[in-house]
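These notes are about the structure you will find just below.
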Amino acid sequence: MNRVGNDQEFEQFRGEIDAVERRIAGEIDPGARAMVVAGAVFALLVSLILPHAGAARGFDVLLSTDAARLEHIGLPSRVFVWLVIVFGVGFSLLALTTRRWVLAWLACAGSAVASVFGVLSIWHRQTPGLGNYEGAGPGIGLILGTLAVMVLTFHWIRVVWSRTAVQLAAEEQRRNAAREAEERDRKRLLGDE
């Protein structure tokens, strides 16, 4: 009777325990990588004030100013800068402050796509345009931004795929509880109790 009472007492808290476990599973712990991610975000912001091509800075590309038009900034560079702002800076900062796994995953995925567009932008600046137009090559801001977003992608991948000690302990407890429940049910069915 005492064991049955303990099981019933435990079962009344099952919902709360499951809710806490789901909350813990949705969190990340970047640890020391948080500083690297913050440094990469800072490098991305710095890359936006440096020249991307000729006299066009990253903010010129972002805002499509006359400087960007004069340098014939193409679509890959514009997409790259927007991806950097939205995912590299925006979602990365949100993920660092809230420590939510979903936001970290979005920062990771967006940064990966931005990495591809960064390399494509560098290649695009080195390729002659229509009528063999040759504009300024890739600037230091574009190169720095591409490297920073690649570093950011690498570290977000490591953060997203790592499990915290609390998550591992919760999984172990869940496996132990399932094993005990299975053993208890087996004994009950076989009449060993």
Side-chain angles (χ1 to χ4, degrees), residues 26-164 167:
E27 292 180 354
I28 59 167
D29 181 20
R33 290 188 189 281
M35 291 304 294
V36 177
V37 168
V41 169
F42 181 73
L44 287 175
L45 290 172
V46 168
S47 78
L48 293 175
I49 60 173
L50 294 173
H52 272 230
R57 296 172 300 133
F59 283 116
D60 293 328
V61 175
L62 181 68
L63 302 173
S64 294
T65 64
D66 289 334
R69 280 189 222 104
L70 290 174
E71 291 296 337
H72 298 281
I73 300 295
L75 184 63
S77 291
R78 285 181 282 183
V79 171
F80 170 70
V81 171
W82 276 102
L83 288 172
V84 161
I85 290 292
V86 172
F87 294 102
V89 175
F91 277 104
S92 290
L93 291 177
L94 281 173
L96 280 178
T97 56
T98 64
R99 302 208 181 260
R100 301 304 304 163
W101 183 85
V102 171
L103 294 174
W105 190 89
L106 286 171
C108 176
S111 296
V113 174
S115 297
V116 172
F117 273 94
V119 172
L120 185 61
S121 297
I122 292 171
W123 171 77
H124 185 260
R125 292 308 306 171
Q126 296 174 339
T127 305
L130 294 173
N132 286 334
Y133 166 79
E134 290 191 30
I140 189 69
L142 182 58
I143 294 169
L144 176 65
T146 301
L147 292 175
V149 82
M150 286 179 176
V151 167
L152 194 61
T153 301
F154 172 77
H155 285 285
W156 273 130
I157 288 171
R158 298 289 304 250
V159 168
V160 167
W161 287 106
S162 68
R163 306 291 286 171
T164 66
Q167 290 169 329

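- With hydrogens and angles ignored, the 3.5 Å screen pairs no side-chain donor or acceptor of H52 with any backbone N or O of F59.
- Closest heavy-atom contact between A56 and A68: CB-CA, 4.0 Å.
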Checklist entry - After noting the C-alpha distance and the side-chain angles of R57 and T65, does the key distance pass the side chain to side chain contact (heavy atoms under 4.5 Å, CB included) rule? => result CA-CA 10 Å; R57 296 172 300 133; T65 64; over 6 Å; no
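- We find the CG-CG distance between L50 and L45 to be 11.0 Å, quoted to the nearest 0.5 Å.
- Of all heavy-atom pairs between T153 and A112, the closest is OG1-N, 3.3 Å.
- Here the closest heavy-atom approach between residue A40 and residue V151 is recorded as CB-CG1, 4.5 Å.
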Next on the checklist: Run the side chain to side chain contact (heavy atoms under 4.5 Å, CB included) test on F117 and L120 for me, step by step, so that the C-alpha distance in whole Å, both residues' side-chain angles and the decisive distance to 0.1 Å come before the verdict.
Outcome noted: CA-CA 5 Å; F117 273 94; L120 185 61; 4.3 Å; yes
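- For R78 (side chain) and V61 (main-chain N/O), no donor-acceptor pair under 3.5 Å exists by modelled atom type.
- At least one side-chain heavy atom of F80 sits less than 4.5 Å from a side-chain heavy atom of V84.
- A heavy-atom distance below 4.5 Å is found between the side chains of P51 and I140.
- Here the CD1-CD1 distance, from I143 to I122, works out to 5.5 Å after rounding to the nearest 0.5 Å.
- Note: W101 CH2 to C108 SG = 9.5 Å, rounded to the nearest 0.5 Å.
- Remark: side-chain polar atoms of R69 are paired, donor with acceptor, to backbone N or O of S64 under 3.5 angstrom.
- Taking CG of L93 as the reference point, atom CZ of F91 lies at 11.5 Å (rounded to 0.5 Å).
- Using a distance-only test at 3.5 Å, with no hydrogens or angles considered, no donor-acceptor pair links the side chain of Q126 to the main chain of P138.
- When all heavy atoms of D60 and A55 are compared, the pair lying nearest together is OD2-O, 3.8 Å.
- Annotation: R158, atom CZ; neighbour count of heavy atoms from other residues, nucleotides and ligands within 6.0 Å does not exceed 12.
- For the atom pair W161 CH2 and W105 CH2, the distance stands at 9.5 Å (nearest 0.5 Å).
- Contact record, S111 with L152: OG-CD2, 3.6 Å, taken as the closest heavy-atom pair.
- Contact annotation: the side chain of R125 never approaches that of P76 to less than 4.5 Å [non-hydrogen atoms, C-beta and beyond].
- One finds the CZ atom of R33 at 5.5 Å from the CZ atom of F154 (value rounded to the nearest 0.5 Å).
- T146 places none of its side-chain heavy atoms less than 4.5 Å from the side chain of S121.
- For T97 (side chain) and L94 (main-chain N/O), a donor-acceptor pair under 3.5 Å exists by modelled atom type.
- Pairing each heavy atom of G74 with each of H124, the nearest pair is CA-CE1, 3.7 Å.
- No side-chain heavy atom of L48 sits less than 4.5 Å from a side-chain heavy atom of L62.
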